[in-house]
Amino acid sequence: QVQLVESGGGRVQPGGSLTLSCVASPLILREYTMGWYRQAPGKQREMVATITTDGTTTYVDSVKGRFTISRDRAKVAMFLKMNSLKPEDTAVYYCKAFRPVATWETRQFWGQGTQVTVSS
């Protein structure tokens with residue numbers, strides 16, 4: 001019933017920019033923490049950036065100063081603006097929504113992913 005749909009991936013040269021988007025319902029955007037995660041071949045999935053319902057953001061150290069996570073004004077989509085892209089940013093990027101529903105459980109949903117390739 002919960003659907004997260006990513007778009008915006010593609011191939012860019014080092015130093016280039018891409019903006020990823022994740023479309024979700026207004027309820028999800030209002031009530032869930034949203035985030036972007038990525039996974040390169042042979043590596044574990046990594047948190048890239050998150051944004052809470054009150055607007056607090058976090059970033060993995062390797063993207064600080066280059067990536068920006070945001071929600072739109074209507075609360076229907078979440079974005080990741082990526083600047084100064086490096087080859088090591090190459091990965092499948094996934095949209096995630098999550099919130100605690102009990103002390104022992106966090107409810108979470110994942111999108112299908114979008115490929116980002118940074119290469120000359």
Q: Kindly compute the distance separating OG1 (Thr114) from CG (Leu18), expressed to the nearest 0.5 Å.
A: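 Spacing of OG1 (Thr114) from CG (Leu18) equals 8.5 Å.
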Q: Please report the interatomic distance CE(Met78) to CD1(Ile69), rounded to the nearest 0.5 Å.
A: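 Spacing of CE (Met78) from CD1 (Ile69) equals 5.0 Å.
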Q: Which pair of heavy atoms, one from Thr50 and one from Thr33, lies closest together, and at what distance?
A: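 Here Thr50 and Thr33 meet closest at CB-CG2, 4.3 Å.
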Q: Is any side-chain heavy atom of Val12 closer than 4.5 Å to one of Met82?
A: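 No, too far: nothing below the 4.5 Å cut-off.
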Q: Treat each ILVMFWY residue as a node, draw an edge where side-chain heavy atoms are under 4.5 Å apart, and state whether Phe79 and Tyr93 are in one component.
A: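 No, separate clusters.
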Q: Kindly give the heavy-atom pair with the smallest separation between Leu29 and Ala77, and that separation in Å.
A: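 That closest heavy-atom pairing would be CD1-O, 3.8 Å.
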Q: How long is the span from the CZ atom in Phe67 to the OG atom in Ser62, to the nearest 0.5 Å?
A: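 One gets 7.5 Å once the value is rounded to the nearest 0.5 Å.
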Q: I'd like to know if Leu27 and Met34 are part of one continuous hydrophobic network [Ile/Leu/Val/Met/Phe/Trp/Tyr, side-chain heavy atoms within less than 4.5 Å].
A: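 Met34 clusters together with Leu27.
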Q: On a heavy-atom basis, which atom in Pro26 and which in Val76 lie closest, and how many Å separate them?
A: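 Of all heavy-atom pairs spanning Pro26 and Val76, the closest is CG-CG1, 3.9 Å.
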Q: As an exercise, state the distance from OG1 of Thr68 to CG of Leu80, rounded to the nearest 0.5 Å.
A: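 One finds 8.0 Å between OG1 of Thr68 and CG of Leu80.
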Q: Could you tell me which residues satisfy side chain to side chain contact (heavy atoms under 4.5 Å, CB included) with Thr117, sequence neighbours excluded, listed by chain and number?
A: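 So Thr117 forms a side chain to side chain contact (heavy atoms under 4.5 Å, CB included) with Arg11, Thr90, Gln115, Ser119.
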Q: Tell me which pairs pass salt bridge (charged side-chain N to carboxylate O under 4.0 Å, His left out) where either residue lies in residues 78-96, with sequence neighbours left out.
A: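 Residue pairs passing salt bridge (charged side-chain N to carboxylate O under 4.0 Å, His left out), neighbours aside: Arg38-Asp89, Arg66-Asp89.
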Q: Which heavy-atom pair separates Pro14 from Ser120 by the least distance, and what is that distance?
A: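 Nearest pair, atom of Pro14 first, then Ser120: CD-N, 3.7 Å.
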Q: Could you go through the side-chain contact (heavy atoms from CB on, under 4.5 Å) check for Thr58 and Met47 one step at a time?
A: CA-CA 9 Å; Thr58 60; Met47 187 277 289; 4.2 Å; yes
Q: I need the minimum non-hydrogen distance between Tyr94 and Glu6, along with the two atoms involved.
A: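 Looking at all heavy atoms of both residues, the closest pair is CA-OE2, 3.4 Å.
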Q: I'd like to know if Val48 and Phe109 are part of one continuous hydrophobic network [Ile/Leu/Val/Met/Phe/Trp/Tyr, side-chain heavy atoms within less than 4.5 Å].
A: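 Yes, same cluster.
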Q: Quick one: side-chain hydrogen bond (donor to acceptor under 3.5 Å, both in side chains) partners of Asp61, sequence neighbours excluded?
A: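 Result, side-chain hydrogen bond (donor to acceptor under 3.5 Å, both in side chains) vs Asp61: Lys64.
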Q: For Tyr32 and Arg107, indicate whether the former's side chain and the latter's backbone hold a donor-acceptor pair under 3.5 Å.
A: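 Side chain of Tyr32 to backbone of Arg107, a donor-acceptor pair under 3.5 Å: no, none is there.
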Q: List the atom of Trp36, the atom of Ser21, and the distance in Å for their closest heavy-atom pair.
A: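 The pair with the smallest heavy-atom distance is CH2-O, 3.6 Å.
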Q: Under 4.5 Å between side-chain heavy atoms, counting indirect links through other Ile/Leu/Val/Met/Phe/Trp/Tyr residues: same cluster for Val92 and Tyr37 or not?
A: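 Yes: a chain of side-chain contacts under 4.5 Å links Val92 to Tyr37.
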Q: Does Glu31, at its CD atom, have more than 12 non-hydrogen atoms belonging to other residues, nucleotides or ligands within less than 6.0 Å?
A: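 Yes.
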Q: What is the distance from atom CZ of Phe98 to atom CD1 of Ile28, rounded to the nearest 0.5 Å?
A: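 Going from the CZ atom of Phe98 to the CD1 atom of Ile28 covers 12.5 Å.
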